[in-house]
There are 2 protein chains.
Amino acid sequence: MNSEFIIAVHGLVLLAHRPDGMASSEEIASNVCTNPARVRKVMSVLRKNGYIETREGSGGGYRLVADPQSITLASVYRALAAGSLAPGWCSGNPEMDCVVGSNMQDVMNAVFCGADQQLEAYLETITIGRMLSQIEAKAGIP
Amino acid sequence: MNSEFIIAVHGLVLLAHRPDGMASSEEIASNVCTNPARVRKVMSVLRKNGYIETREGSGGGYRLVADPQSITLASVYRALAAGSLAPGWCSGNPEMDCVVGSNMQDVMNAVFCGADQQLEAYLETITIGRMLSQIEAKAGIP
DNA sequence: CGCAACTGTAACTGATAATATTACAGTAAC
DNA sequence: GTTACTGTAATATTATCAGTTACAGTTGCG
């Protein structure tokens with residue numbers, strides 16, 4: 001799985017956890033354990049999808065605008081990791097003079113297409129709000 | 001997805017397609033579009049799992065011994081690509097002085113664990129035999 | 001205004017993982 | 001004993017990913 005997906009989910013949960021729903025790229029980066037530039041790149045995509053809004057300039061940062069319960073991991077997945085299940089690598093070759101070798105790409109592709117749908121369906125059942133609840137439950141009963 | 005998984009599936013389908021169920025590492029490699037050493041490494045795992053047997057020496061190669069209909073992609077996945085869905089990368093840090101940052105790994109891990117099970121369940125529904133049928137159907141009705 | 005603190009991007013660098021290559025010992029057929 | 005294979009490991013080579021740096025654009029505030 002794409003690590004940008006992880007940064008996005010972690011970032012969203014963090015924002016949802018903040019009472020005012022705000023944090024700067026540096027705060028998020030240190031919480032996620034990566035660098036601010038990477039966070040900004042990911043958050044930029046989330047903004048384009050309407051989950052957060054950004055305030056540039058001094059005192060700026062990111063702020064959650066969507067309801068945590070309404071943001072599913074599937075939508076985050078679609079936004080920045082879609083099709084990451086299928087490998088870059090592809091066996092066979094359509095030009096090949098062999099029934100198996102020449103048709104494998106198509107068939108394999110269909111398999112991964114189905115797998116991707118299955119994965120999305122699963123991610124559809126998990127929301128940012130639910131993840132936050134789980135974390136808060138863990139912290140509440142140490 | 002692990003590319004060894006692809007090599008394995010492609011190799012198994014190729015063997016199933018052969019009337020005598022045999023092929024050398026070089027034949028498989030050229031069909032899959034990779035090199036023989038890589039194929040041998042993958043086939044070695046498949047042998048240990050009982051799907052194929054190997055004949056060393058001159059005129060040797062690999063031969064399918066299991067029924068193509070009985071080999072599911074899930075079992076191939078478990079054999080050489082298990083857990084490949086979860087990323088090497090992990091956000092957060094349990095030592096961290098933040099409720100979100102310190103618990104994220106656990107929660108994220110649970111998500112990927114579930115996703116992996118979902119994926120396996122899907123792969124359980126696809127067999128080598130079925131893939132071969134699909135390929136043969138494509139070739140039969142051009 | 002002018003400075004300080006942010007975001008938005010892109011280019012560059014370094015680290016890490018994936019793949020290919022090479023090599024050679026072991027084994028079986030002829 | 002020679003030829004044609006597998007098994008396995010070591011070693012390049014290449015591609016991918018993450019970190020870093022840089023700088024223009026934006027906003028808040030003294």
Side-chain angles (χ1 to χ4, degrees), chain A residues 1-8 10-11 15 18 20-49 51-65 80-81 83-93, chain B residues 1-8 10-11 15 18 20-49 51-65 80-81 83-93:
Chain A
M1 173 72 67
N2 196 324
S3 70
E4 292 193 346
F5 172 81
I6 305 208
I7 294 173
H10 191 142
L15 290 180
R18 294 286 177 93
D20 56 356
M22 280 210 77
S24 71
S25 66
E26 203 177 314
E27 289 174 294
I28 298 173
S30 98
N31 201 273
V32 171
C33 293
T34 184
N35 58 76
R38 209 153 139 64
V39 170
R40 290 203 286 267
K41 192 182 163 209
V42 172
M43 297 313 256
S44 193
V45 176
L46 294 181
R47 172 175 51 80
K48 282 165 190 158
N49 281 73
Y51 303 132
I52 61 178
E53 66 180 16
T54 71
R55 265 240 312 273
E56 296 187 5
S58 182
Y62 301 93
R63 179 157 152 247
L64 194 66
V65 291
L80 39 73
S84 73
L85 216 160
W89 210 77
C90 239
S91 75
N93 178 354
Chain B
M1 173 72 65
N2 197 324
S3 70
E4 293 193 346
F5 172 81
I6 304 209
I7 294 172
H10 191 142
L15 289 180
R18 293 286 177 92
D20 56 357
M22 280 210 76
S24 71
S25 66
E26 203 176 315
E27 288 174 296
I28 299 173
S30 98
N31 203 273
V32 172
C33 293
T34 184
N35 58 76
R38 207 154 141 64
V39 169
R40 290 203 285 267
K41 192 181 164 211
V42 172
M43 296 314 254
S44 194
V45 176
L46 294 181
R47 172 176 50 82
K48 281 164 190 159
N49 282 71
Y51 303 133
I52 62 177
E53 67 180 17
T54 72
R55 265 237 317 270
E56 297 187 3
S58 180
Y62 301 92
R63 178 155 152 249
L64 194 66
V65 291
L80 38 73
S84 73
L85 215 161
W89 210 77
C90 236
S91 75
N93 178 354

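Chain letters run A, B, ... following the sequence lines, proteins first and then strands; every chain starts at 1.
Within the 4.5 Å cutoff, the side chain of Met43(B) has heavy atoms near those of the Ile28(B) side chain.
Taking atom CD of Glu56(B) as the reference point, atom P of dC24(C) lies 19 Å away to the nearest angstrom. One atom, NZ of Lys48(B), and another, P of dT6(D), lie 15 Å apart when rounded to the nearest Å. Distance, Arg63(B) CZ to dC5(D) P: 17 Å, rounded to whole Å. Atom C1' of nucleotide dT9(C) and atom CZ of Arg47(A) are separated by 11 Å, given to the nearest angstrom. Remark: C1' of dG8(C) and OH of Tyr62(A) are 8 Å apart, rounded to the nearest angstrom. Taking atom CD on Glu26(A) and atom C1' on dC6(C), their separation rounds to 10 Å, with Å as the unit. Computed from coordinates, the Asn35(A) CG to dC17(D) P distance equals 16 Å when rounded to whole Å. The CZ-P distance, from Arg38(B) to dT14(D), rounds to 16 Å in whole Å.
The listed nucleotides are dT19(C), dG8(C), dA18(D); the one nearest the side chain of Trp89(A) is dT19(C). For Thr54(A), whose side chain is taken as the heavy atoms from C-beta onward, the closest listed nucleotide among dA18(D), dT7(C), dT21(D) is dT7(C). Proximity note for Ser58(A) (side chain, C-beta onward) versus dA9(D), dA4(C), dT20(D): the nearest is dA4(C).
The base of dG7(D) is paired with the side chain of Arg40(B) by a donor and an acceptor separated by under 3.5 Å.
The two atoms that bring Glu4(A) and Val42(A) nearest to each other are O-CG1, 3.9 Å, heavy atoms only. Of all the heavy atoms in Trp89(A) and Ile6(B), the pair that sits closest is O-CD1, 4.0 Å. In terms of heavy-atom proximity, Gly60(B) sits nearest to Ser24(B) at O-CB, 4.5 Å.
Residue-to-nucleotide proximity on DNA chain D shows that, of Glu4(A) and Lys41(B), the 5′-proximal contact is made by Lys41(B). Each of Thr34(A) and Gly57(A) was assigned the nucleotide of DNA chain D with the nearest heavy atom; the assignment lying further toward the 5' end belongs to Thr34(A).
The side chain to side chain contact (heavy atoms under 4.5 Å, CB included) with Leu46(B) is formed by just one residue from the set Leu64(B), Ile52(B), Leu15(B); it is Ile52(B).
Between Ser44(A) and dT7(C) there is no side-chain N or O to OP1 or OP2 distance below 4.0 Å.
Among the atoms of the strands shown, none is found under 4.0 Å from any heavy atom of Gly88(B).
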